[in-house]
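See structure below.
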Amino acid sequence: MIITIDGPSGSGKTTIAKGVASRLNFAYLDTGALYRALAYTLLSKGIDIADIAAVEAALPTYCLKTSQDRYLVNEVDTTAYLRTQEVANASSIISAYPAVRAFLLPVQREFAEKQNTVCEGRDMGTTLFPNAEVKIFLTASPEVRAKRRFLELQPTEISFEELQKEIVDRDKRDMSREISPLIQPEKSVVIDTSNLSIDQVIEEILSIAQGPRWEHFPHQADVGIRGIGKTIEEAFEQASLALTAVITDLEKISPKKSIEVSCEAIDREMLLVDYLNRIIYEMDCHQMLFSKFEVTIHNHTLSALLFGEKIDQKRHKGAVEIKAATYNSLRVHCFDSGTWTAECVVDV
Ligand code: DC
């Protein structure tokens, strides 16, 4: 599977692509670093970056390789030298040269086609991997992006205003070049990261890549539960699965018998807490565990079918008692992409 993440500098691509790759156990390809490695090598050999013929003539003398976050040119590891503004600007200039793009194309394709990869760059979803299963386009306001780069470069002599101007200029160059300009790829999901945390963006991309799912997250002595889905109902259903999974292995519960519940609340968050507490109440009342949920929601009124079976001490042993769903980390949210998340903490 290939996940492409494109976007302008400072939109959070690198951190987010690395995070997504590590959560999915995918390889990670930073294609900007390849352009930087080439730019650094050209600069260090004294080649004039603005001289397109000189750059083109140098290309056949280089062999570029990447593995495990290292970027080698003719077996020389350039990784430590790639994050300066000089290299950033030079890489943007050479990236407009068709010969440079053609030179780097096979390096990128060969890497991603042999393994599950998250590819980060400017033309991943357009030119390199137009048929990728998941295509993301990250954006953020120029001010937010300049702030992020400014913090990343500390200590630095460049002023914030200068950096902001360089970022705007670099965007213009990357977006207006003739070959493979930075544009939103067809069928990609746009995520504006200006007001989102890194974790929220990673969660959103994972939910697009993986579909509905649930997970636990740590919260002091208690457990956080999170349901993610394409609709609010799916997110609530997944949150209920996460709740049951705190108690026992979901696969050990047969959905033999159903119980109908309904609740009403003033907003979505309260509805989630009421609903989860209702499940806890029904578990206690009927001495049952549930492993399948069908939820419908209309204007803050919820009705659901809970499918499960009587607790069997032997099969379901190891069960933890859940006291209640709490208001801690309570959130029911719909991302711009249409993905819903429903989460809170349960008191165990
Ligand atoms: O993502 P970055 O800042 O490390 O990228 C450095 C430059 O390389 C960027 O200004 C544009 C260019 N680039 C590109 O043209 N195509 C890519 N796929 C990746 C980077």
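Side-chain atoms are counted along with the backbone in the values below, which use heavy atoms only and exclude waters and symmetry mates. Counting starts at 1 for both ligands and their atoms, following the listed order.
Looking only at heavy atoms of the protein, atom 10 (O) of ligand 1 is closest to Arg170 NH1, 2.7 Å. The protein heavy atom nearest to atom 18 (N) of ligand 1 is Asp123 OD1, 2.9 Å. The protein atom (non-hydrogen) at minimum distance from atom 8 (O) of ligand 1 is Tyr35 CB, 3.6 Å. Here the heavy atom of the protein found nearest to atom 7 (C) of ligand 1 is Ser91 OG, 3.3 Å. Here the protein heavy atom with the shortest distance to atom 16 (N) of ligand 1 is Arg101 NH2, 3.0 Å. Of the protein's heavy atoms, Gly32 CA, 3.5 Å lies nearest to atom 20 (C) of ligand 1. The protein heavy atom nearest to atom 4 (O) of ligand 1 is Arg36 NE, 2.7 Å. Scanning the protein heavy atoms around atom 17 (C) of ligand 1, the nearest turns out to be Arg122 N, 3.4 Å.
Salt-bridge annotation for Arg101 and Asp123: present, with a side-chain N of the basic residue lying under 4.0 Å from a carboxylate O of the acidic one. Under a 4.0 Å N-O distance rule, the pair Lys187/Glu133 does not qualify as a salt bridge. The pair Arg148-Glu143 fails the salt-bridge criterion, with no side-chain N (NZ, NE, NH1 or NH2) lying under 4.0 Å from an Asp/Glu carboxylate O.
Set against the non-hydrogen atoms of Ser92, the atoms of ligand 1 under 4.0 Å away are 10 (O). Distances below 4.0 Å separate heavy atoms of Asp174 from the following atoms of ligand 1: 9 (C), 10 (O), 11 (C). Close approach to Ser95 involves these atoms of ligand 1, each under 4.0 Å from a residue heavy atom: 11 (C), 12 (C), 15 (O). Those atoms of ligand 1 that come under 4.0 Å of a heavy atom in Gly121, given as number and element, are 18 (N), 19 (C).
Counting heavy atoms from C-beta outward, Val190 and Gln184 have side chains that approach closer than 4.5 Å. Val73 has its side chain out of reach of Leu38: every pair of non-hydrogen atoms, C-beta onward, lies at least 4.5 Å apart.
Side chain of Lys135 to main chain of Val189: no donor-acceptor pair is present (N/O by atom type, distance under 3.5 Å, no hydrogens or angles). No donor-acceptor pair under 3.5 Å is formed between the side chain of His286 and the backbone N or O of Glu282.
When only interatomic distances are considered, the shortest N/O to N/O separation between Thr31 and ligand 1 falls below 3.5 Å. Looking at ligand 1, you won't find any N or O of Asp30 less than 3.5 Å from one of its N or O atoms.
Between Tyr275 and Phe293, the two ring planes are perpendicular [angle over 60°; tilted spans 30° to 60°]. Between His216 and Trp214, the ring-plane angle classifies as tilted under the 30° and 60° cut-offs.
Contact analysis puts Met124 in contact with ligand 1, with a non-hydrogen atom separation below 4.0 angstrom.
Figure legend: Arg36 and Tyr71 shown without cation-pi pairing, the cationic atom not lying both under 6.0 angstrom from the six-membered ring centre and within 45 degrees of its axis.
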